[in-house]
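What you are looking at is a predicted structure, and each value in this text was computed from that prediction instead of being measured. Every chain is numbered from 1 and lettered A, B, ... according to where its sequence line falls, protein lines coming before strand lines.
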Number of protein chains: 2
Amino acid sequence: MAEKTKLWYLQNFNMLEGMSPKMMMELAENTSMQNNSKKEIIYFPEDASNTIYFLKTGKIKIYRLSEDGKTTTLQLLGPGEIFGESAILGQDTHDNIAEVVEDAVVCAMDKRDFQDLMEKSPKLTMSVNKFIGWRLRKIQAHVEDLVFKNASQRITSFLHRYVETFGKKMVDGWMVRPFLTHQEIADLTATARQTVNQVLNELAERDVIKFSRRFLQLKGDLDQLET
Amino acid sequence: MAEKTKLWYLQNFNMLEGMSPKMMMELAENTSMQNNSKKEIIYFPEDASNTIYFLKTGKIKIYRLSEDGKTTTLQLLGPGEIFGESAILGQDTHDNIAEVVEDAVVCAMDKRDFQDLMEKSPKLTMSVNKFIGWRLRKIQAHVEDLVFKNASQRITSFLHRYVETFGKKMVDGWMVRPFLTHQEIADLTATARQTVNQVLNELAERDVIKFSRRFLQLKGDLDQLET
DNA sequence: GGTTGACTGTCATTTTGCAGACATGTTCGT
DNA sequence: ACGAACATGTCTGCAAAATGACAGTCAACC
């Protein structure tokens, strides 16, 4: 495959910013690409974690199941994010599930290759550390939300983050498309489907948002979605 | 100070296992020791994170406050654990509070020194990654507990972990001393003080445990503390 | 050794949001 | 164009636990 195309794999990843072109080439050389469509599972818990993934386009969710079949989503990832990082954190199996939420292009790299590169480049190591730290903060904030906020606050502030991350700014507010199902939002916020529905309709009532299955529109400013 | 004493600083840290003696000397050289007594704060959020800490003896809790003064404890750390790791994860401030729960000996090392050593030793880097991965798993399990378990299950399984980690095995069960206050347990399990009291008394009723302010005794096997 | 402050034990009260049930609406495949 | 599968809207009851209030206990420190 043409080198240019290979390099394209690795564009738009914050984590790799500032790496030397030579390094990037080497990385790209070891990377392969796959197309995954909605509902495909990338890995299960107990699967060997030999691979680290770069999400080029689409959305992936990382979630967990309880014994009695309930679901909670730990993270919703968009373009530019990395997942399956347990591979480079010295763990040989995954402990959660990665599933495609929205058709995705994923770049995969063997953990050994990546670790070799890390040994050669302290700069890469630093970037990885930074990324992990950022991930750690995010999940701590998640805990904080679960403990301090009630159901509807969790839903509202999730919407805030969601619109901020995935939305497009318009003259009169924000637009996100496509949107998630109520059940998906419930799993992300540790609430019940019915509660999500209720809160969403309340917000629509107050004319803060407008939504349907395929889009969500925020009228006006992001900070209406507070508390 | 005598080199032997310096080296003592760094014994019993899983993370440092398998490091070369030379490396250990270098690490020890850059380490200083401090005694901290109960209720002392080691760092606050927004404090610059220039230091990484090794907990030699005692207990430290890492916690967060909400705007309206509520508390939740993210982690309770015992001898052999590391904290303040955000320093090596490329973040320049802390985002939570580290407080001494039980008189502690803490070894402190400047993050720059530590990072220099990491650059020299890929082995150390690997260990650090492993440690971070482990920390990440722990907090993900915490989230899972919060979402899937109810208050009394959280309290019981916290007791399980607590006894396992800090208790001494006896002929007829386990003993932990000193014990935590009900409020501290409440903060760790995201429950109310009164609920902790209730659950504890229930367990005592069923003759599974016996406790007072200063100790907790588990009669028989750990797996009585399940679900 | 008595007073102060922290911790424990136990109520009654109130709230939140989950669960179940079911109707309606939408999408997609054939 | 039809029906199955999936998604949304809405109601009702219920239960877990937080909250608030207060009495009893313990320990430490003048």
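- Phosphate proximity of dG9(C) to N197(B): present, with a side-chain N or O under 4.0 Å from OP1 or OP2.
- Nucleotides of DNA chain D that come within less than 4.0 Å of any heavy atom of chain A span, from the 5' end to the 3' end, dA7(D) to dT10(D).
- Rounding to the nearest 0.5 Å places CD of Q198(A) at 11.5 Å from CD of E205(A).
- In this structure, F179(B) has its ring center no closer than 6.0 Å to that of F215(B).
- Put simply, CD on Q198(B) is 10 Å from P on dT10(C), counting in whole angstrom units.
- Remark on the helix from dG1(C)-dC30(D) to dT30(C)-dA1(D): inter-end axis angle 40°, axes from five-pair C1' superpositions, rounded to 10°.
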Return a single string for nucleotides 15-30 of chain C, one symbol per nucleotide in 5' to 3' order, where B is base contact, S is sugar-phosphate-only contact and - is none, cutoff 4.0 angstrom on heavy atoms.
--SSBBB---BSS---
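- Under a 3.5 Å cut-off, the side chain of S86(A) and the backbone N or O of L89(A) do not form any donor-acceptor pair.
- Both tests do not hold together for K70(A) against F148(B): distance to the six-membered ring centre under 6.0 Å, angle to the ring axis within 45°.
- A cation-pi arrangement is present between K61(A) and Y63(A), with the terminal nitrogen or guanidinium carbon under 6.0 Å from the aromatic centre and inside a 45° cone about the axis.
- In this structure, K219(A) is not positioned above the aromatic face of W174(A) in the sense of NZ or CZ being under 6.0 Å from the six-membered ring centre and within 45° of the axis.
- Under the 3.5 Å distance criterion, the side-chain polar atoms of N150(A) are matched with a main-chain donor or acceptor of Q153(A).
- Look at CG on N201(B): it is 11 Å from P on dT8(C), rounded to the nearest Å.
- Below 30°, between 30° and 60°, or above 60°: for F13(B) and F54(B) the angle between ring planes is above 60°, a perpendicular geometry.
- By the 4.0 Å N-to-carboxylate-O rule, R135(A) lies close enough to E85(A) to be salt-bridged with it.
- Salt bridge absent: K59(B) and D103(B) never bring a charged side-chain N and a carboxylate O closer than 4.0 Å.
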